[in-house]
Amino acid sequence: MPSAKIYYDADANVDVLKGKTVLFLGFGNQGAAQAQNLRDSGIPNEKIIIANRPDHYAEDAKSKGFIVENDFSKAAKGADVVFLLIPDQVQPRVFNNEVAPNLKDDVVIVVASGYNVFYKLLQFKPSQDVVMVAPRMIGSSVRSLYQKSKGFPCFVSVEQDGTGKALESALALSRLIGATKAGAIASSAREETAMDLFAEQALWPNIIMLFREAFSVLKEAGCSDEALCYEMWMSKEPAEIFERAAEDGFILQLKHHSTVSQYGQLSGALALDGTAAREHFKNILYNQVLNGKFCQEFSKIEEDLEKEGDENPLNVLYQKSEASELGQAEKRVRARLAGLL
C-alpha cells in the first residue's frame with residue numbers, strides 16, 4: 001500500500017478563511033485548545049463563536065474572552081465553518097435537530113472523529129463540505145505544543161466536497177490550529193474509525209485482561225499487593241516505556257532496558273504464536289467495527305449512559321471491573337498509601 005500523503009504549512013493557504021465566521025460546538029478539551037490556537041493564528045475573536053450549554057465549559061470560554069451562544073440553532077445560522085467537537089454519542093441528536101437545519105448551503109463542517117461520518121449518522125446537504133481534522137493528542141497537548149511553536153500529529157481528510165474547495169479549507173484549518181507544522185497525515189473517516197475502535201475494542205481490552213491475569217498469577221505465587229501494583233503500573237514504568245517507544249521506536253526503546261530484560265522480552269515475544277490473537281483481532285475489526293455491529297448496539301444504550309447508578313450500563317461495567325482481584329488490591333494499596341501518592 002502506498003505511503004500516506006503528508007501536508008505541511010506550505011501546502012495550506014489560510015486566506016481561504018479570511019472573513020469567515022467559525023463556530024465551535026463544544027468547548028471541552030479539544031474545543032478550548034483549537035479555538036485558542038485558531039485565534040492566536042489570526043482569526044479575529046469576533047469571528048469565533050462558541051456554542052455550549054450553560055455550564056462550566058461555557059464559563060471557561062467566557063473567561064478566555066470568547067463570544068458564547070447557548071442557543072445552538074441561533075449560533076449555526078451565521079457560521080461559515082463549524083467545528084463539531086461535542087461527544088460522539090450526542091452529536092447526531094444535537095447536530096441533526098438543532099444545527100443542521102440552520103446551516104448555510106456552503107458551510108464547512110469539521111469533525112475530529114470519523115465515527116458519526118463513517119456510520120452515516122449525521123445529516124449533510126450535498127452542497128456542504130465535510131472534512132476531518134483530527135489531532136492525535138489530547139487538547140491540552142494540542143494547546144501547549146502550539147504555544148511552543150511545535151506541531152502535533154493530526155489526520156486530515158475530505159469526506160464530502162460540496163463546494164469543490166473542501167481540501168483547501170481542511171488544510172487551512174489544520175495549519176491554523178498548528179497541525180501542519182509537524183505534518184498533517186492524509187486519512188479518512190473509515191481509517192480513523194477503524195483504528196480508533198479497534199484499539200478500544202481489541203487491543204486495549206486484551207492488555208487489560210493480560211494485566212488482570214498476570215496480577216492473579218503473581219499473587220498466587222506469593223507477591224504482595226503493594227509490590228505488584230508498583231511493579232506493574234503505579235511506578236509509571238509502562239508510561240515511560242510508551243514514551244520511549246514514541247521517541248526511539250517501538251522495538252528500539254528496549255535498548256533502554258537491562259540486557260536481561262531485552263533478551264527476555266524479544267525472545268519471549270518471538271516465541272509466542274499470534275495466530276489466535278490475529279484471528280480474534282480480525283473478528284473484532286470486520287464483524288464488530290467495520291460492519292457497523294458495534295455502532296448499532298451502542299446506539300441502543302446511548303440514552304442510558306446519561307442515567308445515574310445501575311441504570312447506566314457504563315457504571316455497571318466499572319463495578320464489575322473494580323471487583324476483580326486486581327481492582328480490589330489496588331483499592332487497598334491506594335487507601336493504605338493515600339498520604340504518599
Side-chain angles (χ1 to χ4, degrees), residues 5-52 57-69 75-86 99 103-104 106-112 128-158 161-186:
K5 183 174 179 58
I6 301 178
Y7 298 99
Y8 296 97
D9 284 354
D11 298 308
N13 176 20
V14 297
D15 289 340
V16 300
L17 298 176
K18 189 174 183 179
K20 303 289 188 181
T21 296
V22 182
L23 173 64
F24 282 85
L25 296 182
F27 199 73
N29 198 306
Q30 286 291 344
Q34 294 187 42
Q36 290 179 88
N37 290 3
L38 208 68
R39 181 171 63 184
D40 290 350
S41 290
I43 299 297
N45 192 70
E46 64 271 16
K47 288 294 185 178
I48 301 175
I49 309 296
I50 309 299
N52 205 99
Y57 293 113
E59 292 304 314
D60 183 38
K62 291 178 183 178
S63 72
K64 289 180 169 62
F66 288 107
I67 300 169
V68 176
E69 175 57 63
K77 292 179 179 179
D80 298 299
V81 178
V82 178
F83 277 84
L84 190 50
L85 297 176
I86 54 179
V99 178
L103 290 176
K104 297 178 180 179
D106 60 349
V107 71
V108 180
I109 300 163
V110 189
V111 297
Q128 296 170 337
D129 290 340
V130 181
V131 302
M132 181 177 71
V133 178
R136 309 320 295 165
M137 306 192 83
I138 60 175
S140 58
S141 295
V142 168
R143 180 59 179 161
S144 64
L145 287 169
Y146 176 92
Q147 292 175 310
K148 295 175 183 176
S149 296
K150 296 181 178 179
F152 49 84
C154 181
F155 293 158
V156 62
S157 72
V158 171
D161 192 5
T163 68
K165 299 179 180 179
L167 182 59
E168 289 183 56
S169 296
L171 295 180
L173 291 166
S174 297
R175 178 173 176 176
L176 289 171
I177 66 169
T180 50
K181 187 173 289 292
I185 303 169

What are the two closest heavy atoms between A35 and I48, and how far apart are they? O-CD1, 4.0 Å
For the ring pair F27 and Y57, is the centre-to-centre distance below 6.0 Å? no
Give the intermediate values and the outcome of side-chain contact (heavy atoms from CB on, under 4.5 Å) for residues L17 and L173. CA-CA 8 Å; L17 298 176; L173 291 166; 3.4 Å; yes
Among L103, I49, T21, find the one that has a side chain to side chain contact (heavy atoms under 4.5 Å, CB included) with V82. L103
What's the shortest heavy-atom distance between V16 and A172, and which atoms? CG2-CB, 3.7 Å
K47, K20, K104 screened by side chain to side chain donor-acceptor pair (under 3.5 Å) with D80, the one that passes: K104
For the student: nearest non-hydrogen atoms of D129 and G164, plus distance: OD1-N, 4.3 Å
Neighbour count >12 (heavy atoms, 6.0 Å) for atom NZ, K165: no
Looking only at side-chain N and O atoms, does D106 offer a donor or acceptor that is under 3.5 Å from a partner on T163? no
Supply the atom-to-atom distance Y146 OH to K181 NZ, rounded to the nearest 0.5 angstrom. 8.5 Å
NZ or CZ of R39 within 45° of F66 ring axis and under 6.0 Å: yes
On a heavy-atom basis, which atom in D60 and which in S63 lie closest, and how many Å separate them? O-OG, 2.7 Å
Closest approach of R136 and A112, non-hydrogen atoms and distance? NH1-O, 4.5 Å
Might you point out which heavy atoms bring A170 and V156 nearest each other, and give the distance in Å? CB-CG2, 3.8 Å
